[in-house]
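Okay, so here's the structure we're looking at.
In listed order, ligands and their atoms are each counted from 1.
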Amino acid sequence: MLEQAKWIMAPASIGTVPPEFTKTVTLHGKVKKAIAEVSALGNFEFTVNGARAGEDVLSPGWTSYSHRVQAESYDITRLLKDGENTFSIYVGNGWAVSDIGYRKTKNFVDHISAIAEIRVTFADGHTETFVTDESFSVWSGIVRASELYDGEEVDLTAAHECIGAAVIDTAKKPQIIPRVGEIVKEHERVAAKEFILTPKGERVIDFGQNLAGYPEIRIKGKRGERISLSCAEVLDKDGNFYTENYRFAKSKLTFTLDGEYDILKPKFDFFGYRYLRLDEAPEDIDLSAFTSIAVYSDMKRTGFFSCGEEKINRLYQNILWGQRSNFVDVPTDCPQRDERLGWLGDAQVFCRTASINYDTERFYRKWLGDMALDQKPDGALEGVVPSLKNLPIRVSAAWADAATVCPFEVYLAFGNRELLAEHFPMMKKWVDYMHAAGPEEFLWIGGEHFGDWLGMDAGFGTHMGATQPDLIASAFFAYSTELVVRAGHILGEDVTAYEALYRKVRAAFRAAFMKDGMPVMYTGNAGKEKARVIEEEGIKFEAVTQTTLALILKFRLCEENEREKLTTKLVEMIHDFDDRMTTGFVGTPYILHALTENGRTDVAYNLLFAEGVPSWLFSVEHGATTMWEHWDGIREDGTFWSSGMNSYNHYAYGAVYDWIYGVVLGITVPDDGAGYKKICVAPHPDRRLGFAEGGIESRHGRVSSSWHIFGDEIRYEISVPNGTEAEITLPGEAPVRVGGGTYLFVRPFH
Ligand code: BGC
């Protein structure tokens with residue numbers, strides 16, 4: 001695509017001001033169809049005669065720009081008129097040119113460039129094509145500065161000034177591909193809730209909802225008057241505006257007004273925030289002038305859930321907002337501070353939940369494509385995708401396993417075999433990397449890992465839990481190998497070598513990390529490659545942790561006759577920690593499942609209902625509207641976890657919804673039922689919840705499961721779409737096979 005067009009850039013004299021590339025053409029005759037294909041390195045807005053060509057924002061989205069960039073395709077027929085027409089590509093630094101990553105460096109290209117081809121077909125059959133070349137002019141306009149982390153400066157009084165002709169950009173460029181992912185667009189519009197005058201005397205607007213997006217301000221001010229805004233997610237314990245957790249990201253928006261009625265919003269950036277501080281603003285500015293707009297990838301909402309406990313309903317809403325905020329074209333860790341990166345660990349733990357809440361297939365298709373391109377020849381994957389040239393990140397277990405987990409989960413959710421087949425080589429390469437890594441063939445010993453990131457059992461305030469990283473790495477080696485085997489069976493591939501590898505890895509794991517059915521410290525060939533961070537933090541690793549037990553149970557690294565003892569130990573450790581968990585990013589997604597699969601759903605429910613630190617409801621109790629990065633992001637006494645790493649919008653712990661969906665409602669998809677062709681429904685009611693109802697609008701139709709407890713009776717209602725097969729298993733009963741329909745079961749409940 002875009003074969004005839006040339007990449008263009010602005011003359012150097014424009015400096016750091018975002019360039020607008022324009023061309024005015026004269027059209028004669030009736031236009032039958034006009035299509036514009038546009039791309040840029042930098043985030044762009046494409047307009048025809050001043051009107052936006054599409055609903056997309058932040059285009060062309062974020063791909064691994066060292067390899068590829070997407071082009072948008074717009075049908076602009078309706079925007080053209082007889083006579084003169086102006087095409088404009090306005091470009092800000094965006095993901096490609098901004099300084100990003102926590103070192104804030106350029107990672108892809110050092111300047112903005114754009115490319116476009118506009119084909120006009122007239123009613124009489126003749127066509128005219130306009131392409132970017134030196135005939136485009138370059139203008140500086142109202143946007144004076146734009147950086148992804150720092151924000152935007154807009155001056156409505158600035159002259160629209162022609163800088164000169166576009167310059168042909170001969171630098172090496174990525175491959176241009178048609179858009180693969182969903183477009184990013186504006187979604188919910190949140191009205192401002194209240195003006196707050198903080199103890200420091202600052203004027204702050206509270207929208208009542210943390211999100212990723214930007215504010216819109218409708219105002220008629222005086223010419224030259226300024227509105228300057230800063231972002232925050234929380235107020236501190238004294239009620240003051242708190243920005244330290246944004247680290248280097250300035251997250252500021254400044255508008256200079258022109259005296260007309262204006263609708264103000266940034267063009268190329270987005271922010272993560274709930275509160276806005278008015279650093280400068282007309283005294284009489286009204287709250288109703290402000291709206292906060294959620295901006296994220298245009299996925300179809302598919303999941304629904306509610307239950308009889310308000311706090312859990314709030315948690316569910318927070319999980320949804322965590323997803324909306326971190327699905328701005330790439331699955332990110334957080335939307336606010338100087339990261340907003342495609343962290344693999346966060347993404348793999350949340351992938352199943354994400355694909356219940358929304359139809360994520362196109363979204364992940366694009367990101368997985370970038371992952372495959374960023375994978376190194378030896379199979380290694382750094383911590384983030386798209387990976388950053390100037391920010392090398394360690395190849396960590398449970399992070400890089402996104403290479404196996406995400407393609408498999410996306411397959412189960414949507415049943416797209418081609419997508420699984422496309423990424424099967426990436427899955428195998430990742431397992432091959434682990435096979436070759438470290439001094440032991442069938443374990444992954446040494447290396448640099450994030451461990452049980454943010455686990456609480458190595459002491460409060462540490463970044464890593466007490467679970468041995470070698471154990472986590474070797475357990476994930478087994479799990480990823482198992483996923484390759486399962487994927488191979490689905491695809492009809494010969495995976496005998498991986499089956500044999502799986503058996504050896506499992507046996508080696510048991511020999512190295514288990515004795516008499518319980519986990520032990522690794523004493524084998526530890527190599528010299530111990531993770532640096534671990535030594536810096538002086539963490540004392542423990543043989544038996546909640547995360548270790550959860551991984552062994554969940555990944556089936558134990559024998560059947562060892563389950564009871566391991567489960568009893570896990571329950572005991574939970575009990576000893578005030579009936580709470582100590583797990584971090586690695587253990588948390590599995591702990592409730594491990595309990596349920598071993599007959600202790602009651603304890604899993606206890607954890608779901610727990611309210612102190614650490615627990616899911618602690619943040620809910622403390623007014624959270626999204627998921628926090630740390631269990632104790634705000635402590636009991638109102639103080640914060642260190643500003644060094646403290647986001648209030650990290651989706652990872654929202655992965656608990658896959659337990660709520662898969663166990664409370666009981667909906668799961670077996671390997672041979674991908675895309676909800678076959679469905680298992682096995683609800684696990686608990687009186688404390690009163691009722692639960694929810695499900696999914698799957699590709700095959702609506703699947704729902706509900707139960708209501710009335711005194712000593714429970715009523716289950718389960719619906720599966722026509723054309724599917726389901727297996728319903730009620731507590732203590734044998735499975736029943738059914739076809740499409742709605743099924744009601746009334747049972748005694750004690
Ligand atoms: C991110 C995490 C990420 C981690 C790696 C953090 O800075 O925000 O969510 O997974 O680094 O351990």
Please confirm whether [X] and [Y] have ring centers closer than 6.0 angstrom.
X      : Y      : result
Tyr242 : Phe640 : yes
Trp444 : Phe477 : no
Tyr214 : Phe270 : no
Tyr661 : Phe305 : no

### Under 4.0 Å from ligand 1 - residues by heavy atom, chain and number
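Lining ligand 1 at under 4.0 Å, by heavy atoms, one finds Asp333, Arg337, Glu339, Trp343, Asp346, Trp399, Phe450, Trp453, Phe585, Glu629, Met645, His650.
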Reported NE2-to-CG distance for the pair His650 and Asp333, which is rounded to 0.5 angstrom: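 His650 NE2 to Asp333 CG: 4.5 Å, rounded to 0.5 Å.
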What side-chain donor-acceptor pairs closer than 3.5 Å can you find for residues 396-404, not counting sequence neighbours?
{"from": "Ser396", "atom 1": "OG", "to": "Phe450", "atom 2": "N", "distance (Å)": "3.0"}
{"from": "Asp401", "atom 1": "OD1", "to": "Trp430", "atom 2": "NE1", "distance (Å)": "2.9"}
{"from": "Asp401", "atom 1": "OD1", "to": "Ser480", "atom 2": "OG", "distance (Å)": "2.6"}
{"from": "Asp401", "atom 1": "OD2", "to": "Ala398", "atom 2": "N", "distance (Å)": "2.7"}
{"from": "Thr404", "atom 1": "OG1", "to": "Asp401", "atom 2": "O", "distance (Å)": "2.9"}
{"from": "Thr404", "atom 1": "OG1", "to": "Ser480", "atom 2": "OG", "distance (Å)": "2.7"}

